[in-house]
Amino acid sequence: MQNYLEGLNEPQMTAVVHRDGPIMIIAGAGSGKTKVLTTRIAHLMKNGVDAFNILALTFTNKAAAEMKERVEKALGNSEARNLYIGTFHSIFARLLRADATKLGYPSNFTIYDTDDAKGIIKDIVKIMNLDDKHYKPSFVLNRISAAKNSLIGPEEYRKDSAIQSEDAKSQRHKMADIYQAYANQCMKNGAMDFDDLLFKMHQLLTTFPDVLAKYQHRFHYILIDEYQDTNAAQYSIIKMLGAVRENICVVGDDAQSIYSFRGATVQNILQFQDDYDDVKVVKLEQNYRCTQNIINVANNVISNNQKQIPKELWTDNKVGEKIMLARTMTDNDEGRFVADAIKEQQMRNHYANKDFAILYRTNAQSRSFEESLRRMNIPYKLYGGVSFYQRKEIKDFLAYLRLVVNTRDEENLKRIINVPARGIGNTTINKYVAAAAEHNTTFWELIEQGSGNAKVDSFVQMIKSFQSMLNTKNAYDLAFAVGKYSGLVQELYNDKTVEGLARYENVQELLNSIKEFTETPDEEGELHDKSLGSYLQQISLQTDVENDKDENVDVVKLMTIHSAKGLEFPCVFVVGLEETLFPSSMSLYDREGLEEERRLFYVAITRAKERLWVTYANSRYRFGSLVQNDESRFVQEIPLMYLDRTFSGVSNKPGAGPAKGVSGMLNQNFDKVPSLKKLADKLATANAATQQKPHTPSADFAADDPAELKVGMKVEHQKFGFGNITGIEGSSNNPIASIDFGAGHGVKKIMLNYAKLKIVQ
DNA sequence: GAGCGATTAATTTTT
DNA sequence: TTAATCGCTC
């Protein structure tokens with residue numbers, strides 16, 4: 001047996017050595033899915049299949065890179081570079097460029113990101129004189145995106161009665177017109193948005209049978225990763241490409257389908273067996289990642305979903321720790337709790353920073369964790385959020401480069417014609433836009449031969465001078481010239497504010513990355529094209545600059561659950577388990593939405609290898625004001641036998657000082673571990689200057705039933721000492737008492753459900 | 001046309 | 001809370 005096949009379990013082996021015909025691999029979380037895919041590719045190649053004949057599609061650049069690397073490793077040679085491994089979007093972009101002119105696009109078409117697309121929609125809504133509150137760009141784009149992902153073009157959109165009645169119901173009668181105008185504008189600009197890369201690919205294959213035939217005969221074997229996340233367009237393209245040989249291998253897990261908002265339909269994986277005859281089905285149910293406790297919890301949680309392919313994940317790993325559940329008063333306390341727990345684990349169990357991940361539902365939740373980590377000097381990295389390429393200064397710079405390569409691109413032209421400010425205002429710009437539309441030409445063509453406006457003319461000359469360098473200079477030299485002569489770099493350099501400095505550095509980083517691009521030999525082994533056009537093609541589908549170097553940096557990782565999919569960490573905190581937050585209030589309307597949220601929770605749980613925390617806060621700041629949330633229903637789906645409940649009944653008014661919650665938690669946790677008690681004491685001493693001295697509870701301290709508490713009573717609090725109840729407010733199931741603890745602590749509002757209070761009299 | 005306050009609107013996830 | 005947009009003045 002070849003050594004690359006060693007260590008595969010039985011179903012894995014079956015999946016790897018299956019040669020021809022459709023195969024579906026249902027791969028549970030942590031079941032070695034990537035290993036199977038990459039070994040399968042290696043196995044095909046070891047058995048005579050040419051790398052050029054294998055197509056493997058993933059959803060993320062990272063997954064594609066990892067696959068490529070692992071195939072290469074398994075093979076022990078560099079043949080893997082000839083594989084077609086990439087994201088749907090990047091592979092299709094590449095194929096589309098080859099035949100773009102057939103569809104009326106230049107082969108160097110621009111790829112618009114979501115912001116670009118919204119900008120165009122905004123303009124259209126304005127031109128059509130519609131209310132942009134009602135036709136919000138994000139809403140409109142979502143709707144167009146959904147249409148494209150379902151292979152519905154503007155014409156079909158207009159004719160589809162179901163869609164029309166939906167739009168009529170929401171009083172958006174002009175949607176079809178906007179869609180049409182948007183599609184026209186993109187085409188006129190020589191640009192495709194993300195969805196076009198799928199939609200137009202489909203169009204190319206259906207409209208030109210010769211093109212379809214070409215690829216059908218090129219791709220003998222097709223492998224699809226994360227098949228549960230495919231949408232109708234992707235499904236249809238795969239079906240067409242694989243129709244001749246039907247050597248289609250799909251890998252996925254219906255329990256991890258979390259992208260329906262982007263048009264993914266679990267249906268694709270559920271019905272795969274009906275799509276082809278003799279589908280081989282392999283289930284990978286042995287998990288190699290998590291402890292038994294974690295797997296049991298995950299299985300229990302997901303069993304609350306109705307729609308799923310039957311399977312039961314199991315593991316040979318040790319039982320492991322129970323899942324820690326922590327409830328805190330506020331989001332800030334939640335942040336402190338997590339930072340404390342990380343410190344504690346590091347000391348007690350010698351974990352490194354990089355062993356921890358904090359996973360949340362929304363990016364906005366990162367703040368409290370960032371603050372508490374920073375305060376405790378724990379290095380961290382935030383993933384997601386505004387990516388490098390979305391920053392204004394970067395988009396401006398890239399807009400120049402894109403315009404130079406593709407002058408049809410009105411969007412980018414408008415973006416930078418007055419950046420830095422050169423006296424060409426909106427009035428002027430609108431005039432040209434209108435004139436271009438009227439004369440059925442492009443903005444650029446209109447001004448290219450002289451415009452009668454000196455400022456505009458000089459701008460045109462500048463862009464032309466850049467263009468003249470396209471064929472003689474590499475991407476870096478050209479970009480450097482753009483930065484210099486456009487005034488972009490100078491403008492940022494002159495801005496000496498902190499933000500200005502950051503922007504300047506970002507642009508320098510961009511230039512560095514372009515330089516790196518021009519100096520790195522092509523891995524593809526194809527052309528050594530270091531032109532600007534080539535560079536733009538390479539980065540247009542990159543959402544992040546992160547490189548694998550980051551992997552080993554020793555920092556705590558903060559990210560959304562969505563971006564954590566496919567990753568694993570020894571210790572995971574899943575935070576913000578509150579109704580309306582997780583599950584999100586947006587998902588509560590129907591069963592499907594709720595089940596997807598639950599799958600998201602399932603994904604989050606199964607990221608953890610050894611230890612898992614689930615936390616939530618009773619109240620948190622949202623839009624600047626404090627809101628109360630109930631415990632997430634998902635928490636109740638964790639069987640008690642796997643749970644270790646912690647109550648962090650900590651109240652901290654903003655600005656009341658950092659350490660009250662901290663010391664509370666430390667004492668509680670450290671009491672069990674004598675060696676760490678010292679440290680807790682040390683910390684308490686260190687904080688003494690800024691802190692009230694903690695109250696030592698009476699020896700017989702025992703919390704009384706909160707329902708018994710009445711206004712006027714004297715009570716004892718574990719930390720705050722003795723106080724008088726001066727008022728009780730809030731709802732009956734969540735009463736909040738105002739308690740005057742006297743000079744040391746003053747009046748505190750305490751949630752009676754969570755506070756431990758002893759009635760003194 | 002530019003720049004500055006002031007108002008106001010928005011928060012789910014992303015290739 | 002912050003970020004973007006609005007509208008006013010120069």
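Below, each value reflects all heavy atoms present in this structure, side chains not excepted, and no hydrogens, waters or symmetry copies. So that the names make sense, note that chain A is the first sequence line, chain B the second, and so on, each numbered from 1.
Put simply, CZ on A:F272 and OG1 on A:T230 are 10.0 Å apart, with the number rounded to the nearest 0.5 Å. One finds the CG atom of A:L241 at 8.0 Å from the CG atom of A:L57 (value rounded to the nearest 0.5 Å).
Salt bridge status for A:E226 with A:K33: present, with a side-chain N to carboxylate O gap under 4.0 Å.
Atom CZ of A:F582 and atom P of B:dT13 are 13 Å apart (whole Å). One can place CG of A:N453 at 12 Å from C1' of B:dG1, the figure rounded to the nearest angstrom. One atom, NE2 of A:H562, and another, P of B:dT14, lie 7 Å apart when rounded to the nearest Å. Note: CD (A:Q228) to C1' (B:dT15) measures 14 Å, nearest angstrom. Between A:D195 atom CG and B:dT15 atom C1' there is a gap of 9 Å when expressed in whole angstrom units. Summarising the geometry, the separation between NZ on A:K455 and P on B:dA2 is reported as 7 Å, rounded to the nearest angstrom. A:D116 has its CG atom 15 Å from the P atom of B:dT15, to the nearest Å. Atom P of nucleotide B:dT12 and atom CD of A:E578 are separated by 16 Å, given to the nearest angstrom.
Shown for residues 359-369 of chain A: residues whose heavy atoms fall under 4.0 angstrom of DNA chain B, namely A:R361, A:T362, A:N363, A:A364.
Contact annotation for A:T427: backbone-only contact, meaning every heavy-atom pair under 4.0 Å involves sugar-phosphate atoms and none involves a base. At a threshold of 4.0 angstrom between heavy atoms, the contacts of A:T428 are confined to the sugar-phosphate backbone, with no base atom among them.
Taking the ring axis of A:Y84 as reference, the NZ or CZ atom of A:R94 stays within 45° of it and closer than 6.0 Å to the ring centre. No cation-pi contact links A:K239 to A:Y235, judged by a cut-off of 6.0 Å to the six-membered ring centre and 45° from its axis.
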Set out, line by line, the N/O atom pairs under 3.5 Å between protein and nucleotides 3-8 of chain C.
{"residue": "C:dT5", "atom": "OP1", "partner": "A:K122", "partner atom": "NZ", "Å": "3.0"}

Atom pairs, N/O to N/O, protein against nucleotides 3-6 of chain B, distance under 3.5 Å?
none

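Of the candidates B:dA2, B:dT15, B:dT14, the closest approach to any side-chain atom of A:Y259 belongs to B:dT14. For A:T560, counting side-chain heavy atoms from C-beta on, the closest listed nucleotide (B:dT12, B:dG1, B:dT13) is B:dT13. Of the candidate nucleotides B:dT12, B:dT15, B:dT13, B:dT15 has the atom nearest to the side chain of A:T60.
The aromatic ring of A:F261 is stacked on the base of B:dT13, with the two ring centres less than 5.5 Å apart and the planes inclined by under 30°.
Heavy-atom neighbours of A:K136 NZ from other residues, nucleotides or ligands within 6.0 Å: at or below the threshold of 12.
When the C1' atom is used for both C:dA4 and B:dT13, the distance is 22 Å, rounded to whole Å. Nucleotides B:dT12 and C:dT5 are separated by 23 Å at their C1' atoms, to the nearest Å.
The side chain to side chain donor-acceptor pair (under 3.5 Å) search around A:R70 returns A:E66, not counting sequence neighbours. Partners of A:V419 by side chain to side chain contact (heavy atoms under 4.5 Å, CB included), not counting sequence neighbours, listed by chain and number: A:D396, A:I416, A:L488. Residues passing the side chain to side chain contact (heavy atoms under 4.5 Å, CB included) test with A:A56, sequence neighbours excluded: A:I41, A:M67, A:I85, A:L223.
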Task: Full working for side-chain hydrogen bond (donor to acceptor under 3.5 Å, both in side chains) between A:R598 and A:N305 - done: CA-CA 8 Å; A:R598 188 175 284 110; A:N305 275 5; 2.7 Å; yes
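A donor-acceptor pair under 3.5 Å links the side-chain atoms of A:S150 to the main chain of A:A146, judged by distance alone.
Sequence order on DNA chain B of the closest nucleotides to A:G425 and A:N142 puts A:G425 first from the 5' end.
Side-chain contact check for A:R262 versus A:N231: every heavy-atom pair is 4.5 Å or farther apart.
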